[in-house]
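Below, chains carry the letters A, B, ... as their sequence lines are ordered, and counting in each starts from 1.
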Number of protein chains: 2
Amino acid sequence: MFSRACQYAIRAAVLIALEGRNKRRMSLVEIAERTGSPRAFTAKVLQQLARAGILESTKGPNGGFDLPPAKAKKVKLSMVVKAIDGDQVYRGCGMGLPYCNPKKPCPLHDHFQEVRDELRDMLEGTDLHTLSLGLEKGKAFLKR
Amino acid sequence: MFSRACQYAIRAAVLIALEGRNKRRMSLVEIAERTGSPRAFTAKVLQQLARAGILESTKGPNGGFDLPPAKAKKVKLSMVVKAIDGDQVYRGCGMGLPYCNPKKPCPLHDHFQEVRDELRDMLEGTDLHTLSLGLEKGKAFLKR
DNA sequence: GACATTTCGGACAATCAGGTCCGTATTTTT
DNA sequence: AAAAATACGGACCTGATTGTCCGAAATGTC
Ligand code: FES
Ligand code: FES
């Protein structure tokens, strides 16, 4: 469904949103640790998110990545996915035709469009702040 | 969403089901042509489907791949997808945790499970015969 | 039996995704 | 000013996916 990189991005982003509520800034090392993601690779992914304007990064001692709650409420999951994987996953044709075109559809179109649209709605309707709430009190987990 | 190989598999399978209704057997060359897929690679994919028992293959002159309507009605899309990509796409965790486990869920679980289950239902509820019907009279297309 | 047609399967090549390493730039602390 | 901590970015490695090629095996036709 989502690429490895994108999955790391989501995990990291939710975690950063969580700590952002305590006004904490998170270092790469801590993020990689708590999301169970490879450190160097996660760095690349976070840089992409920073460049996309999804989160802030600061260099130097006590630097790291952060995302204040106000912004976390505005950042939808779709933005994270799009920044890493593009929008092919929730806009593309299920059978791999160049673009999904309802005027010249693949045989799967009608069936596929429904679930793809629900995916899109879900991604566009879910923000990082909301997801971070689920992380409190051991209700949800970022690694196992 | 689905791998390239899996998309070729679906296109080919639907086409074979279509011609199966005319008791026709299709050669690799014709399949590749009409689905706009690379010939040699499609061969591999079709062999996988044949080995998985999803369609029949016959060597020699007038050989090729075939799928009688009776069987096409029983072959669900989920079987094709599973044979090529495995079932991770409609069973796995959206954030990449080893297995989706509602007892120890990722923050996205509740949201994700819904659309993933709809995808599963769609794949398990759609058979190749039904899809091939859509292909008649230029209502749907396998390539553009 | 010879030949043509077709799938089968292994070896290979190219491209891409996932991942590491390391030096550089920037900022804070001392 | 020096040192330490941190993100940045490029080069590189590795494995998977995508794709090609070609000989072998099977089967129908003459
Ligand atoms: S054309 Fe294939 S999903 Fe719309
Ligand atoms: S645990 Fe992540 S989707 Fe179920």
Quick one: [X] [atom1] to [N] [atom2], roughly how many Å, whole number?
{"X": "A:Ile84", "N": "C:dC16", "atom1": "CD1", "atom2": "P", "value": "18 Å"}
{"X": "B:Phe65", "N": "D:dT27", "atom1": "CZ", "atom2": "P", "value": "14 Å"}
{"X": "B:Arg39", "N": "C:dT6", "atom1": "CZ", "atom2": "C1'", "value": "11 Å"}
{"X": "A:Phe2", "N": "C:dG18", "atom1": "CZ", "atom2": "C1'", "value": "18 Å"}
{"X": "A:Gln48", "N": "C:dG18", "atom1": "CD", "atom2": "P", "value": "11 Å"}
{"X": "A:Ile16", "N": "D:dA7", "atom1": "CD1", "atom2": "C1'", "value": "12 Å"}
{"X": "B:Arg25", "N": "C:dT5", "atom1": "CZ", "atom2": "P", "value": "17 Å"}
{"X": "A:Leu49", "N": "D:dC8", "atom1": "CG", "atom2": "P", "value": "11 Å"}

For [N], does OP1 or OP2 lie under 4.0 Å from any side-chain N or O of [X]?
{"X": "A:Tyr8", "N": "C:dG19", "value": "yes"}
{"X": "A:Arg51", "N": "D:dG9", "value": "yes"}
{"X": "B:Ser57", "N": "C:dC8", "value": "yes"}

State which of [options] makes the closest approach to the side chain of [X].
{"X": "A:Gln47", "options": "D:dG9, D:dA26, C:dG19", "answer": "D:dG9"}
{"X": "A:Phe41", "options": "C:dG19, D:dT18, D:dG19", "answer": "C:dG19"}
{"X": "A:Pro61", "options": "C:dG18, C:dT7, D:dA4", "answer": "D:dA4"}
{"X": "B:Ser27", "options": "C:dT28, D:dT20, C:dT7", "answer": "C:dT7"}

Review point. Of A:Gly64 and A:Lys44, whose nearest nucleotide on DNA chain D comes first from the 5' end?
Key: A:Gly64
Check your understanding: Of B:Gly60 and B:Asp85, whose nearest nucleotide on DNA chain D comes first from the 5' end?
Key -> B:Asp85
Check your understanding: For A:Ala50, which contact category applies under a 4.0 Å heavy-atom criterion: base, sugar-phosphate, or nothing?
Key -> nothing
Practice item. Taking all non-hydrogen atoms of both residues into account, name the closest pair between A:Met1 and A:Val89 and its distance. Key: O-CG2, 3.5 Å
Review point. Closest nucleotide of DNA chain C for A:Asn62 versus for A:Lys59: which of these residues is on the 5' side?
Key: A:Lys59
Practice item. Would you mind telling me which residue lines up with the more 5' stretch of DNA chain C, B:Leu28 or A:Arg4, judged by nearest nucleotide? Key: B:Leu28
Practice item. Establish, from distance only, whether the side-chain atoms of B:Gln7 and B:Arg4 form a donor-acceptor pair under 3.5 Å. Key: yes
Review point. A:Arg120 and A:Ser78: side-chain donor and acceptor closer than 3.5 Å?
Key: no
Exercise for review: Using a strict 4.0 Å threshold on nitrogen-to-oxygen distance, state whether B:Arg34 and B:Glu19 make a salt bridge.
Suggested key: yes
Review point. Would you find a donor on one side and an acceptor on the other, under 3.5 Å apart, between the side chain of A:Asn22 and the backbone of A:Arg24?
Key: no
